[in-house]
Amino acid sequence: MSFLKDLNEVQQQAVKYVNGPLMIVAGAGSGKTRVLTYRTAYLIQIGVPAYQLIVLTFTNKAADEMKNRIIKLVGDKSQNVWMGTFHSMFARLLRNEAEKLGYTSNFTIYDTDDSNDLIKSILNKFGKSIQSFKPAAIRAKISSWKNRLVTPEQSARNIKSTFDEISVDVYREYTKRLKESNAMDFDDLLIKPIELFKTFPSVLDKYQERFKFILVDEYQDTNKAQYEMIKLLAGKYRNVCVVGDDAQSIYRFRGADIQNILSFEKDFPDCKIFRLEQNYRSTKLILSAADQVIQNNKHRIDKKLWTENPVGEPITLLTCENEMDEGEQIAQKIKHSIKKYKIDFKDIAILYRTNAQSRSLEDALRRNSIPYVIVGGVEFYKRKEIKDVLAYLKLIVNPKDDISFKRIVNYPSRGIGDVTLKNLEKIASKYNTSLFEAIDLLEQVIDFSDKSAERLRNFKNLITKYIQIKSVLKPSELSRNLVEEIGILKEFKEESTPESIARWENVQELLSAIMEYCSTNEDASLESFLQEVSLVADIDKWDSTHNAVTLMTLHSAKGLEFKVVFIAGLEEGLFPINQSLMDEAELEEERRLFYVGITRTIKKLFLSYALKRYYMGDLIYPQLSRFFYEIKSNLIESEEYSISRKVKNKTFTNHEFKVSKSKFYEYENESQIPSYLDIGAYVLHNYFGKGRVIEVSGNGENTRVVVDFENVGRKNLMLKYANLKVL
DNA sequence: CGCATCTTGTAATTT
DNA sequence: ACAAGATGCG
Ligand SMILES: Nc1ncnc2c1ncn2[C@@H]1O[C@H](COP(=O)(O)OP(=O)(O)OP(=O)(O)O)[C@@H](O)[C@H]1O
């Protein structure tokens, strides 16, 4: 068992603690994921058959990496481990057991958009306007019920508003319609197995026997349903190992509940707890900063974290004129870091709170010829033309899928409009069938225009044809024929605008993706391809070997590490985000997100904020985030952007930790910064030039001034960083 | 029914 | 700033 030498003492103990429940709660970079990986390898090595293990990770990518690592450690026999996200593992299980729940194994997985569409159509049927009752809000409400295992009946017991009332009604109908459409939403993939296990104890028993060892990574972000599932599956053999860090719980909005950490100890009172305290990832300075930040959270489990790594360099704050300048400064620092640390582009990540921020950053990187990849954003599979083609494929696999039906029945144009569709819906509803099946009933209906009926029948024949050839053609061939027959490629080509060419390319890319899927998977079917598409996360598609700077949200960065990290947009209202400011719990989650961001860093962390930013079309003047001030200033080195411009390469000379004085102190000692300013005083700014003080607010370190500059107008500045000279 | 133009809401994070 | 949805006309 030579590979155990890669682990420290406590890690080894956790790996070798084979039987019974155990939990590892430990800080960032302490090797939790490594323990889970080695534990899996260890179990296989000591003779546990791989198929008896189920390892639940947060992303499919993490699962892939872990699997590859394990294969390296103990060889190919580990192929049969079930390893993946809760969603993909239980979707797989459900395919085998669907019939018991009244579904068929070709059920469709509805993504969030599909769910929203379904809710719209239900509101429509109820005669409620989607203005007063937002489908997305109702969907979120229903999802949160489902995550907490609240059934439609139970949801009706606690109605506090009209919104609740409508949501309850929609929930009931939504559940019914999903089942009629042989479709499951993301939440169903978690709650349907629970329903299955509770209704059929023999099925539960089968899977308890099958999965004798259960391992869960990123446990702090599991929700009630996931926890319930762990409890059920582990109920017999109790060989369950969960690892997590409460300080990194960042998916509350998806039902994640830190309470699960406490419940685990309660529900498995004999559970062994291991604490990992050595961090192998970051510098001492980074860990101090992360710790200082998280100390501000009331709700947290105290944990120690230390490292043998060097102190490292201070954190650099970049003050930027606006979001373009932010991109530009980051680009400059990237170029500089590459040389200074002798690293590659792929060792660098730029993290941000919202996807919308990526644009200005991208522009700057492109201008500076820095290769980059974006994780997430406007996803390939969310583009209209792609969703349209996929809707055809979904309908072919599952003709009861009304949402897909509606999406494409008139795309491309077949002269089937709203009126025809409304009439068809009435018939489907009356005879309790799907829209697709309802087309057969048209003959019996008198007041249905012949022309419309004919068009619908043509559409049905088209789909039926593909349903029939599905069994003889490979998914790739079928898709190509289909795309050819509906003529969308030709249409895009003829239109020949830049957008339509992009669409043409996208559809081609989809066809290639299907082809590739067919060639890499022996038993590739349309069903399995569609499932894969529904359940891939943004991060799963990220190629970490590609030599490019990675741009992504802080959420997507969970579990990853980079030598140099930039966290952009460190501004009140953006990070922490506006919507979190009113709620203590939400604000603490924002802080945990910042903690996650900081702790991705191996060597050097940059923080940036902009003094001006366009936000939904308006120019706003953000303030530096409160989170910044939670890091002691001796860990920070700040650079006024005007200075960084002029002495670009000089500002980045060797700053040792012991030289803990940040720039601002240096200036202060030279007494160039006035500690007090009179309203009306004339001042000089390095970049903005001459101006007059309009307003002074805050005090001490947090003093802010509004200055009306002669050339550039009003600016809101931190006195501490503005480097103003009184005239 | 389909297209062009106007209006409105939107960007918080995601399986 | 921008995209999706609504409105209105041919
Ligand atoms: N015993 C060890 N010796 C050397 N390096 C280690 C050891 N354990 C873990 N590491 C390294 O430390 C880094 C962090 O490990 P890992 O990702 O497993 O931590 P983690 O606790 O899961 O982190 P996070 O909570 O931030 O996701 C990795 O680069 C890993 O290779």
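Note that these values count all heavy atoms, side chains included, but never hydrogens, waters or copies made by symmetry. Throughout, protein chains are lettered first and strands after them, A, B, ... in sequence-line order, and every chain is numbered starting at 1.
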Check your understanding: To the nearest 0.5 Å, what is the distance between OG (A/Ser625) and CD1 (A/Ile577)?
Key ->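 Result: 11.0 Å between the selected atoms.
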
Review point. In Å and rounded to the nearest 0.5 Å, what is the CD1 to OG distance from A/Ile374 to A/Ser556?
Key: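 Taking CD1 in A/Ile374 and OG in A/Ser556, the distance rounds to 11.5 Å.
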
Given [options], which nucleotide is nearest the side-chain atoms of [X]?
X        : options                : answer
A/Thr85  : C/dC2, B/dT15, B/dT14  : B/dT15
A/Glu586 : B/dT15, B/dT14, B/dA12 : B/dA12
A/Arg353 : B/dT15, B/dG2, B/dT13  : B/dT13
A/Glu590 : B/dT15, B/dA12, C/dC2  : B/dA12
A/Ala356 : B/dA11, C/dC2, B/dG2   : B/dA11
A/Gln579 : B/dT14, B/dA12, B/dT15 : B/dA12
A/Thr420 : B/dT15, B/dA11, B/dC1  : B/dC1
A/Arg254 : B/dT13, B/dT15, B/dA12 : B/dT15

Check your understanding: If you find the nucleotide of DNA chain B closest to A/Val419 and the one closest to A/Leu535, which residue's nucleotide is nearer the 5' end?
Key ->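 Checking each residue's closest nucleotide, the 5'-ward one belongs to A/Val419.
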
Exercise for review: Select from A/Asn60 and A/Lys134 the residue whose nearest nucleotide in DNA chain B is closer to the 5' end of that strand.
Suggested key: A/Lys134

What integer distance in Å separates [X]:[atom1] from [N]:[atom2]?
X        : N      : atom1 : atom2 : result
A/Met89  : B/dT15 : CE    : P     : 15 Å
A/Lys558 : B/dT14 : NZ    : C1'   : 11 Å
A/Asn578 : B/dA12 : CG    : C1'   : 11 Å
A/Leu56  : B/dT15 : CG    : P     : 16 Å
A/Met616 : B/dT7  : CE    : C1'   : 16 Å
A/Gln357 : B/dA11 : CD    : P     : 14 Å
A/Leu351 : B/dA12 : CG    : C1'   : 16 Å
A/Asn124 : C/dA6  : CG    : P     : 10 Å

Taking only side-chain nitrogens and oxygens of [X], does any of them come within less than 4.0 Å of OP1 or OP2 of [N]?
X        : N      : result
A/Ser556 : B/dT13 : no
A/Ser413 : B/dG2  : yes
A/Thr112 : B/dT14 : no
A/Asn355 : B/dT14 : yes
A/Tyr411 : B/dG2  : no
A/Asn223 : B/dT15 : no
A/Lys120 : C/dG5  : yes

Practice item. Considering only NZ, NE, NH1 and NH2 on the basic side and carboxylate oxygens on the acidic side, decide whether A/Arg591 and A/Glu630 come within less than 4.0 Å. Key: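 Yes, charged N to carboxylate O under 4.0 Å.
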
Check whether [X] reaches the backbone of [Y] with its side chain - one donor and one acceptor, N or O, closer than 3.5 Å.
X        : Y        : value
A/Ser155 : A/Pro152 : yes
A/Asp114 : A/Asp111 : yes
A/Ser263 : A/Gln259 : yes
A/Asn60  : A/Leu535 : yes

Practice item. Rounded to whole angstrom, note down the P distance from B/dA11 over to C/dA6. Key: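 The answer is 16 Å between these two P atoms.
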
Exercise for review: Could you tell me whether A/Tyr614 contacts a base, only the sugar-phosphate backbone, or nothing, with contacts defined as non-hydrogen atoms closer than 4.0 Å?
Suggested key: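 No contact.
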
Exercise for review: Remember a base hit wins even if backbone is also touched, and classify A/Asn410 as base, sugar-phosphate or nothing at under 4.0 Å, heavy atoms.
Suggested key: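 If one applies the 4.0 Å heavy-atom cut-off, A/Asn410 turns out to touch the sugar-phosphate alone, with no base involved.
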
Exercise for review: Please indicate yes or no: is the ring centre of A/Phe86 less than 5.5 Å from the centre of the six-membered base ring of B/dT15, with the two planes inclined by under 30 degrees?
Suggested key: no

